[in-house]
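Whatever order the structure lists them in is the order used to number ligands and atoms, beginning at 1. These numbers come from the heavy atoms of this one structure, side chains and all, not from hydrogens, waters or symmetry mates.
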Amino acid sequence: MFDLTKVKIHTMCVSDLDEIKEILAQDFDNFWNYEIFKQELVNNNSSYLVVRYNGEIVCYGGIKIILDIADVMNIVTRKDKRNMGFGKFILNELINIAKEENCTSITLEVNENNQLAIHLYEHFGFEQVGLRKKYYDGVDSAILMTLNL
Ligand SMILES: CC(C)(COP(=O)(O)OP(=O)(O)OC[C@H]1O[C@@H](n2cnc3c(N)ncnc32)[C@H](O)[C@@H]1OP(=O)(O)O)[C@@H](O)C(=O)NCCC(=O)NCCS
């Protein structure tokens with residue numbers, strides 16, 4: 001677990017994204033194109049957060065809200081800062097945002113082989129509601145999960 005006094009969480013803006021732009025691929029496992037990510041930040045339906053530890057960005061994540069349903073777009077912790085609680089910390093905040101926006105549920109899709117992410121989502125009560133077979137590059141399936149609020 002991390003030292004709470006060294007943590008800050010705030011809305012992500014383009015300057016935050018630029019701060020980690022060069023290290024997204026190697027240090028964060030980023031699977032999003034930078035330009036697409038940048039557009040997401042200015043989408044009115046989206047809420048992205050960053051977690052800073054000792055001033056450094058260690059985790060980011062976002063949801064997109066359409067009507068009363070929030071969709072988790074991504075959650076990524078910097079590789080050398082995983083298993084310290086940042087994933088749970090940011091997901092808890094994203095769920096709070098969805099509740100404040102009067103969402104009735106949160107949905108997401110996750111690779112069937114991503115056990116760490118599935119474990120994280122199950123921790124908050126997300127349940128599997130569907131499967132998209134061979135969704136990722138025609139190979140891995142996507143598990144659809146929902147949390148009713
Ligand atoms: C999934 C991910 C976001 C989790 O972030 P994290 O900051 O490591 O998560 P936390 O430290 O809060 O851990 C959450 C849970 O996973 C467990 N966990 C995390 N890393 C683990 C590891 N290497 N081994 C065993 N358990 C682990 C924690 O113990 C915790 O479990 P608990 O609720 O039983 O205590 C992170 O692994 C990641 O960035 N993965 C790549 C991107 C990705 O796949 N994102 C999800 C799809 S969008």
Any N or O of [X] that comes nearer than 3.5 Å to an N or O of ligand 1?
X      : answer
Asp29  : no
Phe28  : no
Leu120 : no
Asn114 : yes
Gly87  : yes
His123 : yes
His119 : yes

Please work out, at 4.0 Å between heavy atoms, whether the side chain, the backbone, both, or neither of Lys88 comes within that distance of ligand 1.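 It is both backbone and side chain that touch ligand 1.
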I need the [X] [atom1] to [Y] [atom2] distance, nearest 0.5 Å.
X      : Y      : atom1 : atom2 : result
Glu109 : Tyr136 : CD    : OH    : 5.0 Å
Ile65  : Asn45  : CD1   : CG    : 8.0 Å
Asn114 : Ile143 : CG    : CD1   : 9.5 Å
Asp71  : Cys103 : CG    : SG    : 10.5 Å

State whether the side chain of [X] and the backbone N or O of [Y] hold a donor-acceptor pair below 3.5 Å, judged by distance alone.
X      : Y      : value
Asp16  : Cys13  : yes
Lys79  : Gln26  : yes
Arg52  : Lys8   : no
Ser141 : Lys134 : yes

Who's closest to atom 46 (C) of ligand 1 heavy-atom-wise, of Ile75, Asn74, Asn92?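 Result: the heavy atom closest to atom 46 (C) of ligand 1 is in Ile75.
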Residue of the set Phe89, Trp32, Phe28 for which ring-ring contact (aromatic ring centres under 6.0 Å, His included) holds with Tyr60: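 Option passing the ring-ring contact (aromatic ring centres under 6.0 Å, His included) with Tyr60: Phe28.
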Can you pull out the closest protein heavy atom to [atom]? Residue, atom name and distance to 0.1 Å, please.
atom                    : answer
atom 47 (C) of ligand 1 : Tyr121 OH, 3.8 Å
atom 37 (O) of ligand 1 : Arg82 CD, 3.6 Å
atom 26 (N) of ligand 1 : Leu116 CD2, 3.8 Å
atom 5 (O) of ligand 1  : Thr77 OG1, 3.2 Å
atom 19 (C) of ligand 1 : Asn83 OD1, 3.3 Å

With heavy-atom distances below 4.5 Å as the criterion, would you say the side chains of His10 and Val50 are in contact?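 The answer is yes, as the side chains (C-beta and beyond) meet within the 4.5 Å cut-off.
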Please report whether the ring centroid of Phe86 lies less than 6.0 Å from that of Phe2.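 Yes, the ring centres sit under 6.0 Å apart.
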As an exercise, identify every atom of ligand 1 less than 4.0 angstrom from a heavy atom of Val76.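 Per the distance check, 39 (O).
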Would you say Val110 touches ligand 1, if touching means a heavy atom closer than 4.0 Å?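 Judged by the 4.0 Å heavy-atom criterion, Val110 does not count as contacting ligand 1.
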Proximity flag Gly85 to ligand 1, non-hydrogen atoms under 4.0 Å: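 Yes, Gly85 has heavy atoms under 4.0 Å from ligand 1.
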Taking atom types as modelled, is there a side-chain donor on Asp18 or Tyr34 under 3.5 Å from an acceptor on the other?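 Result is yes, a qualifying pair exists.
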Taking atom 43 (C) of ligand 1 as the reference point, report whether a protein heavy atom occurs under 4.0 Å from it.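 It does: a protein heavy atom is found less than 4.0 Å away from atom 43 (C) of ligand 1.
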Under 4.0 Å and counting heavy atoms only, is there anything from the protein next to atom 13 (O) of ligand 1?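 Under 4.0 Å from atom 13 (O) of ligand 1, zero protein heavy atoms found.
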